[in-house]
Every structure is written in structure tokens, then in C-alpha cells.
There are 2 protein chains.
Amino acid sequence: MSSPDFAKLGAVYPRYLNAVVLHGLATAQAVGMGPTDLYAVGTLVFHGRMTSGELAAKTGLTTGATTRLIDRLEARGLVRRVPDPADRRRVLVEAVEAQGVDLDDALAPAREKLARVFADCTADEIATLTEHFERAAPAFHEAIEAIRDAR
Amino acid sequence: MSSPDFAKLGAVYPRYLNAVVLHGLATAQAVGMGPTDLYAVGTLVFHGRMTSGELAAKTGLTTGATTRLIDRLEARGLVRRVPDPADRRRVLVEAVEAQGVDLDDALAPAREKLARVFADCTADEIATLTEHFERAAPAFHEAIEAIRDAR
DNA sequence: GCTAATATCTGCACTCATGCAGATAATGTT
DNA sequence: AACATTATCTGCATGAGTGCAGATATTAGC
């Protein structure tokens, strides 16, 4: 068995990440969402319910701007405000499970085209890919923390 | 050999894509770039040099707004204007190969953490992943086209 | 050569997200 | 019970990105 071909990976991977990010931006634009809104929803989906203040910290916005952010997302039905029973000053924000229909429509092409890519894979390959995705996702989130802390 | 576990993939994959997009947004924000600027640079890197008008079509902006977009990117040194020798009305825009140092810094954490993920893979796994990235990138770009055309 | 069409650029105005500062409500502290 | 602290929200102002319409330069057609 030969050693891993990291050179080829290094050539392919940046273009791949680029494509994923571009697709994310195109999707957001298609449903009329700005980058902050997209980021906030993604953060809430990943980390789960959090307070308005925590969301402000994650996004780097002031608490005032975050209030407006939540207003926008709530108006779109992407997010829900839940009063914190333990501390009635606080507002918990959570992503609504059934995301908007328009968002679903915008993601349909990617779903279809990627399903075709995955369909050609063997069971072993799917297992390899799944494990990679499982490990890479936290790595990206750690990198996000590092970027934020560096500022 | 069992059949591919698409159920698990379906559970893991959206969170992974979410993480990639979030990281892209955080990176852009860290270097003070807006979503359009990020999208434009990514498009130029992927598709290579193109005219101002073509970039306008890709981004969905008017030609006027695109002029300002190119101004911003050029001021940052991310992009270069090249006069078209065949048609002197036209301006070709191309990504500068040596991207800004600050962008490189912002990507460093991701590089490091992902290198660790890839380091644990066998040569076969790297090959599987590389092939997937190679096939998925065009799929995302096709999806982008589909989203754009649908509007 | 003259006119029409095309590509990019510029002036102006507008929208929208955001920061800032103060207001309101709730909790903790003594 | 009074006061300080904390969390979210609101009013106002600002700035960045964008559309629109017209200007300029170049090419194509007759």
C-alpha cells in the first residue's frame, strides 16, 4: 500500500471548501437572508437553544443588534423566542425544526446532485465519508473559536 | 458487506455542511469582507479570469455595483484588473494568486485542525475522500446554477 | 464616416444592518 | 427594603453596499 497522496488532496480540498461556502451564500441570498442571519441560524442549529446574550457573543454583535437579528429570524419563522422559566429577564432562542419551505426549495438542487454523488459509493466509502464528516464538523467549529479569539 | 448506511450519513452531513459554511462566514468576517466580496473572490478562484460583466451576472449585481465590488477587492489586493487586448471596452478580473496575508492567518486554525483529522486516515481513506471532494465540488456549482436560474 | 450597440464607470439617493446610549424589567446583595 | 447588577429591548444616527440613470469609451453595422 502506498502512502497517502496528500499533494492531490491539498490541490482538491480548497476548491471543494470554496464550492460549499459559495453554495451556502447562494442559498442564503436566494431566500433573502444576509450573512449574519445565516450565521445565526447555523449557530443555533449546531449549538442548540441559547440566550439572546449568548447569541450576541457568538455572532460578535451588540445585544441591541442581536435583538433586531432575532426579530428578523422570528418574522421569517426560522427561530422562536422562549422565555427562560428560571430567569425571566432572559430570552432563549431556538431554531424552529421545520425550516421554511423556501429554504427547503433552495436546498433541493444540492440534495439531488449530491445524492447522485453518494449513490455511486460503496458501503465502505460511505462509512469513510460519514466518519470524516463527523470528525471534521467539530474541527471547523474549533477553528471558528480560534478565529474569534484571535481578534 | 452490508448496504450503505445512508440514514447515518443523512444525520451527519447537514451538520457538517453547516459547519463549513459557518467557518467560511467567520473567516470572511475576520478579514472584514462582506458576503458579496467573499462570493466574488470564490467565484473568480473557481472559474478563473472573467470580465466585469460576467462577474456581475454570476453575483447577480448590476454592472455599476460590480465596478464598486471590483474596486473593493482590488484595494485589498485580492483581485487584479487586466485590460482585454481583444476588446478594449472590457476589463478582465482575476484573483491574485498570493492571497492576502491576513486571509492566510484566518485560515490557519482550520488548516491545522483539519490536518489532524486527515492525518489519522489510511491511504485508501484519503483516496476515497479526495475523490469525493473532486466530485462534490462541481455538484455544488451545478446546484448554485440551479438556484440562480430558479429565481 | 456615421450611427447604433456594448462594456465599464460615476453621481446620486436609498435601504438596511449595526453601534451606541438610554429605558425597562428582573434578579442578586446587603 | 433599598440598591446595584444583569438581560433584553427601543430610539436615533451612521455607514456600507446597492440600484438606477446617465456619462464615457470602444466596437460593430450600414
Side-chain angles (χ1 to χ4, degrees), chain A residues 22 24-26 28-44 47 49-76 78-95 148 151, chain B residues 22 24-26 28-44 47 49-76 78-95 148 151:
Chain A
L22 257 51
L25 288 172
Q29 193 197 355
V31 299
M33 283 176 65
T36 305
D37 298 34
L38 179 65
Y39 187 89
V41 172
T43 297
L44 286 170
H47 289 100
R49 123 186 342 182
M50 67 183 68
T51 68
S52 171
E54 286 169 336
L55 184 57
K58 292 270 184 209
T59 56
L61 296 174
T62 61
T63 60
T66 303
T67 297
R68 266 63 172 268
L69 164 66
I70 300 171
D71 289 346
R72 288 195 301 274
L73 298 179
E74 203 175 30
R76 282 185 165 278
L78 297 172
V79 142
R80 187 187 303 133
R81 274 183 169 95
V82 179
D84 184 339
D87 185 341
R88 300 215 309 268
R89 291 170 303 181
R90 298 203 284 185
V91 172
L92 296 173
V93 188
E94 62 184 18
R148 188 164 303 290
R151 284 188 307 162
Chain B
L22 257 53
L25 288 172
Q29 193 197 356
V31 298
M33 283 175 66
T36 304
D37 298 34
L38 179 65
Y39 186 89
V41 173
T43 297
L44 286 170
H47 289 100
R49 121 184 345 181
M50 66 182 69
T51 68
S52 170
E54 285 169 336
L55 184 58
K58 292 271 183 208
T59 56
L61 298 174
T62 61
T63 60
T66 303
T67 296
R68 266 63 171 266
L69 163 65
I70 300 171
D71 288 346
R72 289 194 301 273
L73 298 180
E74 204 175 29
R76 281 185 165 277
L78 298 171
V79 141
R80 186 188 302 135
R81 275 184 169 95
V82 179
D84 185 339
D87 185 341
R88 300 215 310 267
R89 290 171 302 181
R90 297 203 283 184
V91 171
L92 295 173
V93 188
E94 62 183 18
R148 188 163 304 289
R151 284 190 306 163

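Computation of the quantities below employed the complete heavy-atom set of this structure, encompassing side-chain atoms and omitting hydrogens, waters and symmetry-equivalent molecules. Numbered from 1 within each chain, the chains take letters A, B, ... in sequence-line order.
If you take CD1 of B/I70 and P of C/dT8, they are 8 Å apart, rounded to a whole angstrom. Between A/L61 atom CG and C/dC20 atom P the separation is 12 Å, expressed in whole Å. Distance, A/E74 CD to D/dT8 P: 14 Å, rounded to whole Å. Whole-Å rounding puts the A/D84 CG to D/dT8 P distance at 9 Å. Rounded to whole Å, the distance from CG on A/D71 to P on C/dT18 is 12 Å. Look at CZ on B/R90: it is 13 Å from C1' on D/dA28, rounded to the nearest Å. In this structure, B/L55 places its CG atom 11 Å from P of C/dC9, rounding to the nearest Å. Between the P atom of D/dC9 and the CZ atom of A/R72 lies a distance of 13 Å, rounded to the nearest Å.
Contact annotation for B/T63: base contact, defined as any heavy-atom pair under 4.0 Å involving a base atom. Across all strands, A/S52 comes closer than 4.0 Å only to sugar-phosphate atoms, never to a base (heavy-atom distances). Across all strands, B/T66 comes closer than 4.0 Å to no nucleic acid atom at all (heavy-atom distances). Residue contacts shown for A/G53 are limited to sugar-phosphate atoms, with no base heavy atom under 4.0 Å away.
Residue B/R81 has a polar side-chain atom (N or O) positioned under 4.0 Å from OP1 or OP2 of C/dC9. Close to C/dG19, at under 4.0 Å from its OP1 or OP2, lies a side-chain N or O of A/T62.
When all heavy atoms of A/T66 and A/A56 are compared, the pair lying nearest together is OG1-CB, 3.1 Å. Minimum heavy-atom separation, A/T36 to A/L61: CG2-CD1, 3.7 Å. Pairing each heavy atom of A/K58 with each of A/Y39, the nearest pair is O-CE2, 3.7 Å.
For B/R89 and C/dT8, a side-chain-to-base donor-acceptor distance below 3.5 Å is absent, hydrogens and geometry of angles not being considered. Remark: the B/R88 side chain and the D/dT26 base include no donor-acceptor N/O pair separated by less than 3.5 Å.
Closest-nucleotide positions on DNA chain C for A/D87 and A/A65 were compared, and the one nearer the 5' end corresponds to A/A65. Of the two residues contacting DNA chain C, namely A/P85 and A/L69, the nearest-nucleotide position lying further toward the 5' end is that of A/L69.
Not one N or O on the side chain of A/E94 forms a donor-acceptor pair closer than 3.5 Å with the backbone of A/V82.
Partner A/T67 forms a side chain to side chain contact (heavy atoms under 4.5 Å, CB included) with one of A/L69, A/I70, A/D71 and no other, that one being A/D71.
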